[in-house]
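All chains are named by letter (A, B, ...) in the order of the sequence lines, taking the proteins before the strands, and each is independently numbered beginning at 1.
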Number of protein chains: 2
Amino acid sequence: MARAALSREAVVEIALGLVDAEGEQGLTLSAVATRAGVATPSLYKHVRNLAELRELLSIRIMGELTDEVSAAVLGRSGDEAVRALMESWRSYVLRHPRRYSAMLQTPEPGLAEAGSRLVGIALAALRAYGLSDSAAIHAARCVRAAVHGFSMLEAGGGFGLPEKLDESYDLLIDVMTSGLSTPR
Amino acid sequence: MARAALSREAVVEIALGLVDAEGEQGLTLSAVATRAGVATPSLYKHVRNLAELRELLSIRIMGELTDEVSAAVLGRSGDEAVRALMESWRSYVLRHPRRYSAMLQTPEPGLAEAGSRLVGIALAALRAYGLSDSAAIHAARCVRAAVHGFSMLEAGGGFGLPEKLDESYDLLIDVMTSGLSTPR
DNA sequence: CGCTGTAGGCTAATGCCATTAGCTTAATGG
DNA sequence: CCATTAAGCTAATGGCATTAGCCTACAGCG
């Protein structure tokens, strides 16, 4: 072995800092290399290319989000669990808006797996509604779509007046919980 | 004046075709120039730069979407209007997934105006629920978030099993309409 | 203690892309 | 007919990702 200065994980870490500081568009291999104190081509010893770095970064971010949401849902059930899931999710987005925006949603294999962990949390939160397996999947997709849509719009500045967004999100939580409780 | 071969609108049109064919990443000035049968720098006579082209394209796409949604909602009210809005929106996304994905959500001035037209449609659709002005805005944001989230995920392949998405979306519509009808 | 294999770094080179500068031409309107 | 100007062009610059090929320090072996 040679000296282990950089590593795959360290490169992802630097990329994370870069995205936080400058947004998705600031994530460039040469910027990462500069921060790492290394020449750009050296990064290819740790990462196949920019696309792979983006994917690794997305997996990392989705993992962080899943950890937080998971901790928030733990020990709750029913409406309380859905509320906790939605609030903790948005909390993450508000603390790391650029991170969230940079997270890819594409069906890459590695990402799909990270995403399925998150889906699992959502399914667990919905268990108390007593839905069938298939109904639970549909319900989880609805929650995910609603939360993701709100998050993307808010993180990207897609809404107009920022002061009332808390209220809008409260309404969204109420709509989802009451809508999911109502038998079809 | 000189010969009016190209035009701002024609450039946007070509960009639209390019996005449909190759996705957002395929939208490059040199590709547009090739399709237009012109040298790349010539495009700068019609468009300030790539960023502006992206914005014009987004405005164009949002306008198309608004037209379709608007026509679908026309003459309906209450749950029926919300259902029509959501179904026509998704219908547009399914027919033009790359277009929808390429649509920016950033708070550029021109885009914000195009977006407000769409918000106006949503507000009109919600009128029958008898909400106050402010409550209607929150409700419209919820509908937008839910639809947009589902659309982004579906257009980007972010969901797993594709065969049941119609059912998931039906549930989302039910959740939104019943949730919005339920007094808080 | 020296040898060697290799991980991890480097420089050089390529090619694509956006963008700018400055020139040329063709149509228009007086 | 001619001046203006819109709309095109070529040439040049600089950023970026990526590839090829070289160099070196360290680990573990004999």
Side-chain angles (χ1 to χ4, degrees), chain A residues 1-61 98 101-104 106 108 110-111, chain B residues 1-61 98 101-104 106 108 110-111:
Chain A
M1 305 272 176
R3 67 244 124 126
L6 261 188
S7 71
R8 196 178 179 79
E9 294 71 36
V11 170
V12 173
E13 197 67 30
I14 291 171
L16 200 56
L18 212 41
V19 164
D20 280 341
E22 308 182 29
E24 192 178 359
Q25 46 158 19
L27 178 58
T28 135
L29 285 182
S30 74
V32 171
T34 301
R35 282 205 175 198
V38 123
T40 309
S42 304
L43 296 176
Y44 287 81
K45 292 291 159 94
H46 305 284
V47 148
R48 184 163 35 235
N49 51 30
L50 180 60
E52 196 198 43
L53 176 56
R54 284 215 188 91
E55 191 184 329
L56 291 172
L57 187 62
S58 298
I59 292 172
R60 159 71 188 264
I61 294 170
R98 310 219 224 215
S101 297
M103 192 177 58
L104 302 175
T106 57
E108 315 284 338
L111 255 174
Chain B
M1 305 272 176
R3 66 243 125 128
L6 261 187
S7 71
R8 197 177 179 79
E9 294 71 35
V11 170
V12 172
E13 197 67 30
I14 291 171
L16 199 58
L18 212 41
V19 164
D20 281 341
E22 308 182 29
E24 192 177 0
Q25 48 157 17
L27 179 58
T28 136
L29 285 182
S30 73
V32 171
T34 301
R35 283 205 174 198
V38 124
T40 308
S42 304
L43 297 176
Y44 288 82
K45 291 292 157 94
H46 304 284
V47 148
R48 186 166 32 238
N49 52 29
L50 180 59
E52 196 199 43
L53 176 55
R54 284 214 188 92
E55 191 184 329
L56 291 172
L57 187 62
S58 298
I59 292 172
R60 159 72 188 264
I61 294 170
R98 311 219 223 216
S101 297
M103 191 177 60
L104 303 173
T106 57
E108 314 286 336
L111 255 174

Atom-to-atom span, [atom1] of [X] to [atom2] of [N] - whole angstrom:
X: B/Leu50; N: C/dA18; atom1: CG; atom2: C1'; value: 8 Å
X: A/Arg54; N: D/dA17; atom1: CZ; atom2: C1'; value: 11 Å
X: B/Leu27; N: C/dC17; atom1: CG; atom2: C1'; value: 12 Å
X: B/Arg8; N: D/dA6; atom1: CZ; atom2: C1'; value: 15 Å
X: B/Leu6; N: C/dA26; atom1: CG; atom2: P; value: 17 Å

* State, to 0.1 Å, how close B/Leu27 and B/Ala15 come at their nearest heavy-atom pair, and which atoms those are. =>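 Minimum heavy-atom separation between B/Leu27 and B/Ala15: CD1-CB, 3.6 Å.
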Distance, nearest 0.5 Å, that separates [atom1] of [X] from [atom2] of [Y]:
X: A/Asn49; Y: A/Leu29; atom1: CG; atom2: CG; value: 8.0 Å
X: A/Arg98; Y: A/Leu16; atom1: CZ; atom2: CG; value: 12.5 Å
X: A/Leu57; Y: A/Ile14; atom1: CG; atom2: CD1; value: 12.0 Å

* Scan residues 9-22 of chain A against DNA chain D and write down, sorted by residue number, each residue with any heavy atom closer than 4.0 Å; if none is found, say none. =>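 Close to the strand, none.
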* Considering residues at least two apart in sequence or located in another chain, which fulfil the side chain to side chain contact (heavy atoms under 4.5 Å, CB included) criterion with B/Ile59? ->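 Testing B/Ile59 for side chain to side chain contact (heavy atoms under 4.5 Å, CB included), a comparison that skips the adjacent residues, returns B/Glu55, B/Leu111, B/Ala114.
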In residues 41-48 of chain B, what donor-acceptor pairs under 3.5 Å come from side-chain atoms, sequence neighbours left out?
from: B/Ser42; atom 1: OG; to: B/Ala39; atom 2: O; distance (Å): 3.2
from: B/Arg48; atom 1: NH2; to: B/Glu52; atom 2: OE2; distance (Å): 3.4

* With B/Glu13 via salt bridge (Lys or Arg N to Asp or Glu O under 4.0 Å) - residues at least two apart ->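 Counting only residues at least two positions away or on another chain, B/Glu13 forms a salt bridge (Lys or Arg N to Asp or Glu O under 4.0 Å) with B/Arg60.
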* List in chain and number order the residues that pass salt bridge (Lys or Arg N to Asp or Glu O under 4.0 Å) with B/Arg35, two or more places apart in sequence or in another chain; answer none if no residue qualifies. =>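 B/Arg35 satisfies salt bridge (Lys or Arg N to Asp or Glu O under 4.0 Å) with no other residue.
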* Heavy atom of residues 32-49 of chain B under 4.0 Å from DNA chain C: which residues? ->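 Going residue by residue through residues 32-49 of chain B, the ones with a heavy atom under 4.0 Å of DNA chain C turn out to be B/Thr40, B/Pro41, B/Tyr44, B/Asn49.
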